[in-house]
Q: 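My structure is below; once you've seen it, I'll send some questions.
Lettering of chains follows the sequences in order, A, B, ..., and the numbering in each one begins at 1. Below, each value reflects all heavy atoms present in this structure, side chains not excepted, and no hydrogens, waters or symmetry copies. Not measured: the values here are computed from a predicted model.
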Amino acid sequence: MNIYADFHHRIAAILETIVASGRLPAELDLNRFVVEPPRDPSHGDLAANAAMVYAKEAKASFSNPRQLASEIAFALAEDQDVASAEVAGPGFINILLKPEVFGRILRRALELGADFGKGAAKAAGKVNVEYVSANPTGPMHVGHGRGAVFGDALANLLEFSGADVTREYYINDAGAQVDVLARSAHLRYREALGEAIGDIPEGLYPGDYLKSVGATLAARFGDSLLERPETEWIEQARAAAIEGMMAMIRDDLAALDITHAIFFSERSLTRGEAGDQVAAAIAALRADGLVYEGRLPPPKGQPAEDWEDREQTLFRSTAFGDDVDRPLLKSDGGYTYFASDIAYHKTKIDRGFALLIDVWGADHGGYVSRMRAAVEALSHGRASLDVKLCQLVKLMRAGEPVKMSKRSGDFVTLREVVDEVGRDAVRFMMLFRKNDAPLEFDLAKVIEQSKDNPVFYVQYAHARARSVLRQAHVSIPEHRLTTAAFEEADLGLLVDPGELHLIKLVAQFPRVIEAAAGAHEPHRLAFYLHELASALHGHWTRGKDQPQLRFLNEEMPNLTIARLALVKVLAGVLSAGLGVLGVSAPDEMR
RNA sequence: GACUCCGUAGCUCAGUUGGAUAGAGCAGCCGCCUUCUAAGCGGCAGGUCGCAGGUUCGAAUCCUGCCGGGGUCGCCA
């Protein structure tokens, strides 16, 4: 299905025969070369760099890479799918495929329908994608939204490529911040019972969103939590606050069509049925000799006034490439956040995940190497962790930055943005950028219905394709417009350069999915869809000047059916691709 | 000071994990609507890929050193 992977195999087979003839060494790594679409279309359909990659190994039997290339090209020319194979430049092998190969790909895409581009289930094992994991202390802001959309699209992408994916959210409900939240909620509780609370004191969360938590507490406990010391109500206040905040966060995520399969509570690590899992994780590391009591050098740079040189419990993360060993216990004896996180990641490993992906904000970048070290240590190398960092989002409106300040309380929440511009715009724009590059998000531009707005540009391409298919029903009998009829169409009639370009882009779809999934980079799919949309718009407009290029042509019914088959596949790829990104593919844009 | 991400057209950014003559959108200029949606398309112009070395058949991409910007830097999460 992926012709690039397919030809990689064929060329590898040719190399093997040369190995068998003794002119290349037996231990040749046949995965080192690539088969890819050449940048310049005049170079053919496929380009392989095998001869140059193996130039060193070939030195003994071939005087230069071109000689090896020409032997490979000669063998390839025998392939029934190859129109020509030529050596170019320093030793590229440029392959031109016979037209029927593309017809076959198109037919295959028709047969597979929505499954076209999907990968076969990989034996690599289960994948866990942890994303969002925003503290349950308030509404999500736009930065959280980027991580949320990125993680969700990545999970979709991995699933589409054949992986077994679990989406997970880690609730940070154990630290001092949630105690502050609980106190803030208790204040709102008193307010709900009719007390005048005045201004919210410094150090507590001022947001109105805690009012409903206060009301819940009042309804649930009446005034029974009123005249009591904090130790007697904080438990209840905390539970209600976290519950309320998580409900709000889930609601905000739902507005973006994001749902997690598992919400994992940090508190459950020490208070759950499994006992103290943090202690267990530390014990496991200690058993491997990776935990010790020792001292750390003071941090360089900014002088820390409260620095105190003391002996502490440390994880030997330097054994796995970290810069310094990391503390597991705080001075008050409690676990550090890192210790809890170690235990959390241990549960992921114990639950059988082979690949862990964490999506974090860029401000946590300094945390990556210690976490990777922990995963490597805990899993004894059987599981790997990839941390994807999402850079900041700069919110703009018509080119002017939108001021966001938490202090004045007028910061823009994710929900406000989604409500203003819509789920599709938020999702696509968040994905139309590499995750580790800062993102400018212009509220005015993303609702603009023009080619300046990539969301509409791609959706419009899909709508146009669907429009042609709708239009076809006016003049063409129903029985000729079935998928079966399309599969039987003479696709060899599609010879216009514009059509061929579109078909070749379609042929790249499985490769794009594979590459984007392998690199954990959903933005590659977004850019591919934009390119495909552009090719479709271009071909469409050419039909304005040259009516014979239009998809519908009443004088040539067989050609029309072949073209409609192409349009159907185009709509399918656009729809599937947008689906992976979590963006809708409307049938019309009116 | 250490670590990390970034630096590509005037602006916002891609660049297929090292490939051939570095691309797209905006902004600027010039064109294309009787006909499947002009919410679109075509063309022109625009570059020392931050700088300097190195690695090799080949570097925007990998390594080293500088310059500039963001982030982080025992006990917060």
Q: What nucleic acid atoms does Ala362(A) come within less than 4.0 Å of, heavy atoms only: base, sugar-phosphate, or nothing?
A: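 Sugar-phosphate contact only.
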Q: Paired with G7(B) by Watson-Crick or G-U wobble geometry, both distances under 3.5 Å: which nucleotide is it?
A: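 When the pairing criteria are applied, C67(B) turns out to be the nucleotide that pairs with G7(B).
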Q: Base, sugar-phosphate alone, or nothing: which one does Tyr337(A) contact when heavy atoms must sit under 4.0 Å apart?
A: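 Since a base atom lies under 4.0 Å of Tyr337(A), the category is base.
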Q: Please work out if Pro438(A) contacts a base, only the sugar-phosphate, or nothing of the nucleic acid, heavy-atom cut-off 4.0 Å.
A: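 Counting heavy atoms under 4.0 Å across all strands, the contact made by Pro438(A) is with sugar-phosphate only.
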Q: Taking any heavy-atom pair under 4.0 Å as a contact, classify Arg511(A): base, sugar-phosphate, or nothing.
A: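 Result for Arg511(A) = base.
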Q: Classify Gln312(A) by what it touches in the nucleic acid, base, sugar-phosphate, or nothing, heavy-atom distance under 4.0 Å.
A: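 Counting heavy atoms under 4.0 Å across all strands, the contact made by Gln312(A) includes a base.
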Q: Does Asn49(A) reach a base, just sugar-phosphate, or nothing at all? Heavy atoms under 4.0 Å.
A: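 Base contact - Asn49(A) has a heavy atom under 4.0 Å of at least one base atom.
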Q: Just verifying a value: how many Å separate Phe92(A) CZ and Glu86(A) CD, rounded to the nearest 0.5 Å?
A: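 If I round to the nearest 0.5 Å, the distance is 14.5 Å.
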Q: Quick one: label Gly538(A) by what it contacts on the DNA or RNA (base, sugar-phosphate, nothing), any heavy atom closer than 4.0 Å.
A: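 If one applies the 4.0 Å heavy-atom cut-off, Gly538(A) turns out to touch the sugar-phosphate alone, with no base involved.
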Q: Which value, in whole Å, describes the distance between the P atoms of nucleotides U37(B) and A27(B)?
A: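 Rounded to whole Å, the distance is 26 Å.
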Q: Please tell me which of the listed nucleotides, U17(B), C36(B), C75(B), lies nearest to the side chain of Leu552(A)?
A: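 The nucleotide sitting nearest to the side chain is C36(B).
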Q: Would you mind reading off the distance between Met371(A) atom CE and C73(B) atom P, rounded to a whole angstrom?
A: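 Value for this atom pair: 17 Å.
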Q: So, the side chain of His537(A) versus the backbone of Tyr457(A): is there a donor-acceptor pair under 3.5 Å, distance only?
A: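 Yes, because the side chain of His537(A) sits within donor-acceptor range (under 3.5 Å) of the backbone of Tyr457(A).
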Q: Provide the Watson-Crick or G-U wobble partner of C73(B), both distances under 3.5 Å; none if there is no partner.
A: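 The answer is G1(B), by the H-bond criterion.
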Q: From the options G19(B), A38(B), A77(B), select the nucleotide whose nearest atom is closest to the side chain of Trp540(A).
A: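 The listed nucleotide nearest to Trp540(A)'s side chain is A38(B).
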Q: Between Asn49(A) and Val34(A), is there a donor-acceptor pair closer than 3.5 Å when you use the side chain of the first and the backbone of the second?
A: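 Flag set: sc Asn49(A) to bb Val34(A) pair under 3.5 Å.
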Q: Within the 4.0 Å heavy-atom criterion, would you say Arg550(A) contacts the bases, only the backbone, or no part of the nucleic acid?
A: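 Base contact - Arg550(A) has a heavy atom under 4.0 Å of at least one base atom.
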Q: How would you label the contact of Pro327(A) with the nucleic acid (heavy atoms, under 4.0 Å): base, sugar-phosphate, or nothing?
A: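 The residue Pro327(A) makes sugar-phosphate contact but no base contact.
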Q: Which nucleotide wins on minimum distance to the side chain of His523(A), given the candidates A14(B), C75(B), U17(B)?
A: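 Selected nucleotide (nearest to the side chain): A14(B).
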Q: For a quick check of understanding: with a heavy-atom distance under 4.0 Å over all strands, which category does Lys434(A) fall into, base, sugar-phosphate or nothing?
A: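 Sugar-phosphate: the residue Lys434(A), judged by heavy atoms under 4.0 Å, touches backbone atoms but no base.
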Q: Does the aromatic ring of Phe92(A) sit over the six-membered base ring of A20(B), closer than 5.5 Å centre to centre and tilted less than 30°?
A: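 Base of A20(B): stacked against Phe92(A).
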Q: Look at the side chain of Lys445(A) and decide which nucleotide, out of A77(B), U17(B), C26(B), has an atom nearest to it.
A: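 The listed nucleotide nearest to Lys445(A)'s side chain is C26(B).
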Q: If I pick the P atom on U56(B) and the same atom on G15(B), what distance separates them, to the nearest angstrom?
A: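 Their P atoms lie roughly 28 Å apart.
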Q: Would you check if His43(A) stacks with the base of A20(B), given a 5.5 Å centroid limit and a 30° plane limit, both strict?
A: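 Aromatic stack with A20(B) present for His43(A).
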Q: Parallel under 30°, tilted from 30 to 60°, perpendicular over 60°: which one fits the rings of Tyr344(A) and Tyr170(A)?
A: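 Geometry flag for Tyr170(A) against Tyr344(A): parallel rings.
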Q: Using a 4.0 Å heavy-atom cut-off, does Tyr367(A) contact any base of the nucleic acid, only the sugar-phosphate backbone, or nothing at all?
A: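 Since a base atom lies under 4.0 Å of Tyr367(A), the category is base.
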Q: Side chain of Arg310(A), heavy atoms from C-beta onward: which of G74(B), A24(B), U16(B) has the nearest atom to it?
A: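 Nearest to the side chain of Arg310(A) among the choices is G74(B).
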Q: Say we look at C49(B) and G23(B): how far apart would their P atoms be, to the nearest angstrom?
A: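 Nearest-Å result for C49(B) against G23(B) at atom P: 14 Å.
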Q: Under 4.0 Å between any heavy atoms, over every strand shown, what does His364(A) touch: base, sugar-phosphate, or nothing? Just pick one.
A: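 Base, at least one base heavy atom under 4.0 Å.
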Q: Indicate, yes or no, whether a donor-acceptor pair under 3.5 Å links the base of A20(B) to the side chain of Asn94(A).
A: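 Answer is yes: a donor-acceptor pair is held.
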Q: Distance check, P atoms only: A60(B) and C51(B), in whole angstrom units.
A: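 Nearest-Å result for A60(B) against C51(B) at atom P: 11 Å.
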Q: Of the nucleotides C36(B), U16(B), G19(B), which one has an atom closest to the side chain of Pro37(A)?
A: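 Output: U16(B).
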Q: Quick one: does Arg39(A) reach the base of U16(B) with a side-chain donor-acceptor pair under 3.5 Å?
A: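 Per atom types, the contact qualifies.
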Q: Would you call the rings of Phe509(A) and Tyr528(A) parallel, tilted or perpendicular, where under 30° means parallel and over 60° means perpendicular?
A: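 Parallel: the ring planes of Phe509(A) and Tyr528(A) meet at under 30°.
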Q: In terms of relative ring orientation, are Phe527(A) and Phe432(A) parallel, tilted or perpendicular, with 30° and 60° separating the classes?
A: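 Phe527(A) and Phe432(A): parallel rings.
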Q: Ala55(A) near the nucleic acid: base, sugar-phosphate alone, or nothing, with a heavy-atom cut-off under 4.0 Å?
A: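 Nothing, no nucleic acid heavy atom in range.
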Q: Across all strands, who's sitting opposite A24(B) as a Watson-Crick or G-U wobble pair, both distances under 3.5 Å?
A: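 U12(B) is the nucleotide pairing with A24(B).
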Q: Roughly how far, to the nearest 0.5 Å, is the CG atom of Leu564(A) from the NE2 atom of His473(A)?
A: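 His473(A) NE2 to Leu564(A) CG: 8.5 Å, rounded to 0.5 Å.
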Q: Base, sugar-phosphate, or nothing: which does Ala472(A) touch, judged by heavy atoms less than 4.0 Å apart?
A: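 Nothing, no heavy atom under 4.0 Å.
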